[in-house]
Amino acid sequence: MRVLVAMSGGVDSAVAAARAVDAGHEVVGVHLALSRMPGTLRTGSRGCCTIEDSRDAHRVAGMLGIPFYVWDFSERFKEDIVDDFIAEYAAGRTPNPCMRCNERIKFAALLDRALALGFDRIATGHYAEVIRDAEGRPELHRGEDLLKDQSYVLGVLTGDQLEHCYFPIGATASKAEVRAEAAERGFPVANKPDSYDICFIPDGDTKAWLSDKISMRPGLIKDEEGAVLGEHDGAMTYTIGQRKGLGIEKPAADGRPRFVTGLDPESNTVTVGSREDLTVHHLTGIRTSWSGPAPSDIGDTAETGIDCEVQIRAHADPVPARAWLGEVIAEVPAHEADVPAARPAGQLLHVDVAEALSGVAPGQTMVIYRGTRVLGQATIDVTAKDRLGEGAIATATV
RNA sequence: UCCGCCCUGGUGUAAUGGCAGCACGCCGGCCUUUGGAGCCGUGCAGUAUAGGUUCGAAUCCUAUGGGCGGAG
């Protein structure tokens, strides 16, 4: 097969490329330039898309003897990821730009160009597996190393996209093995640190980065009863579940930490409460997508939903859940028409969970699993304290 | 003006004559392809002020300043 390997400059995609070559494929390496001003990206191996990362990827491609290109996706990246990120925060939500990038850039813009150029697959260094079912259709499964499993961030991929995905290191037992293999192959990136934080925010200070891109107005911080506890300088930079940086003078009467439990862009109010005030048992998602065909047995009531597990962060424990379909939102509701990045169209996904979830922010992604398999995902839009369904949720996992 | 009670890190408190401790906060580290969370740290930071008693004072005494309540 003709394989285009997306080489971030890290150890994982380097080994992925090497394995694709070893497997006998015709391999071309490509590094994505995502910023028009690379100097503004973070350096020191913290991200996936700095100048150094590009050079590292180039060196590895050279060692493998494969063609290597740098493709400029900075325009798409700015429109689809950075601008969306800003608009989401301005609307009081908390976006996940890495998943957005997978959805719109790596497995969309990049994939489209690869297919147009005659490639059969794009390969990446993700820890996840594509397994074919009896009919030969692709299923997305967790990576073998559950500590490094990255199936969550690939939950946005549809069956059509998975059809062309190739994850050469997904079945590797541990990251240590990948690093050891990189060292054996003499790759200079063998000991490069894992990437973390948002790649387009140079110093990792999201609040400061946002502050000159969205209008910041001082407002009040209140407790669950409405008593004023302090002030903030812009509600939109906070997120549900946040504990640090609240700047409240007095500790709570019970001496326990306080967390952001709500933020309202209209009244510009941040609400704080206890850890218990953060717990939810129901999620409503929007922009639902399926990792392949939608489950045939999913209904539109809690009783006719499917038993599954839901995961609300990249490395959170999956929680037993019941998922069912809701209405289809065709257009932006009138009352939200003037809100930036108002709720997008799509089918609602309702999820009741067997165990309380904590710190769940609208805008984040819930990924639905059954065992190791990713079923689909939705963007969290609303959360609720109590379940909607009556019955117990099956807690046995596959 | 008089009487009584009170004053300990940024905040809330513990220690009633014997090593000023705890919590929240802040800072740093770990973890992490998102936000957060979580975990770790001999990390930061305090006895309102001035005297006195005592081997030793946050603690007892005196004065001053500040706060609260009551007679006015």
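Lettering of chains follows the sequences in order, A, B, ..., and the numbering in each one begins at 1.
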task = Look at all strands and tell whether A/Arg100 reaches a base, only sugar-phosphate, or nothing, counting heavy atoms closer than 4.0 Å.
result = nothing
task = Assign A/Phe259 to base, sugar-phosphate, or nothing according to its heavy-atom contacts below 4.0 angstrom with the strands shown.
result = sugar-phosphate
Interatomic distance where CZ belongs to A/Arg93 and C1' belongs to B/U34 [whole Å] = 16 Å
task = Figure out the CD/P separation between A/Gln364 and B/G36, and round it to whole Å.
result = 10 Å
task = Please report, rounded to the nearest Å, how far the P atom of B/C24 is from the CG atom of A/Asp223.
result = 19 Å
note = A/Lys244 atom NZ is separated from B/G38 atom P, nearest whole Å, by 8 Å
query = Say you pick atom C1' in B/C60 and the same atom in B/U53; how far apart are they, in whole Å?
reply = 8 Å
key: Closest to the A/Ala314 side chain, choosing from B/U34, B/G36, B/U11   = B/U34
inquiry  = Please determine whether a side-chain nitrogen of the Lys or Arg among A/Lys175 and A/Asp12 lies less than 4.0 Å from a carboxylate oxygen of the Asp or Glu.
reply    = yes
message = How many whole angstroms separate atom CZ of A/Phe200 from atom C1' of B/G35?
response = 11 Å
Atom-to-atom span, CG of A/Leu147 to P of B/C31 - whole angstrom = 13 Å
note = Of A/Gly359 and A/Arg258, the one whose nearest nucleotide on RNA chain B sits closer to the 5' end is A/Arg258
ask   = Partner of B/A23 by Watson-Crick or G-U wobble geometry, both contacts under 3.5 Å, or none?
value = B/U11
task = Quick one: look up who B/U47 pairs with, Watson-Crick or G-U, both distances under 3.5 Å, and put none if it's unpaired.
result = none
query = Rounded to the Å, how far apart are A/Arg275 CZ and B/C39 P?
reply = 7 Å
ask   = Which whole-number value in Å describes the distance from A/Tyr196 OH to B/C31 P?
value = 9 Å
key: Whole-angstrom distance between B/U32 and B/A58, as gauged at atom P   = 47 Å
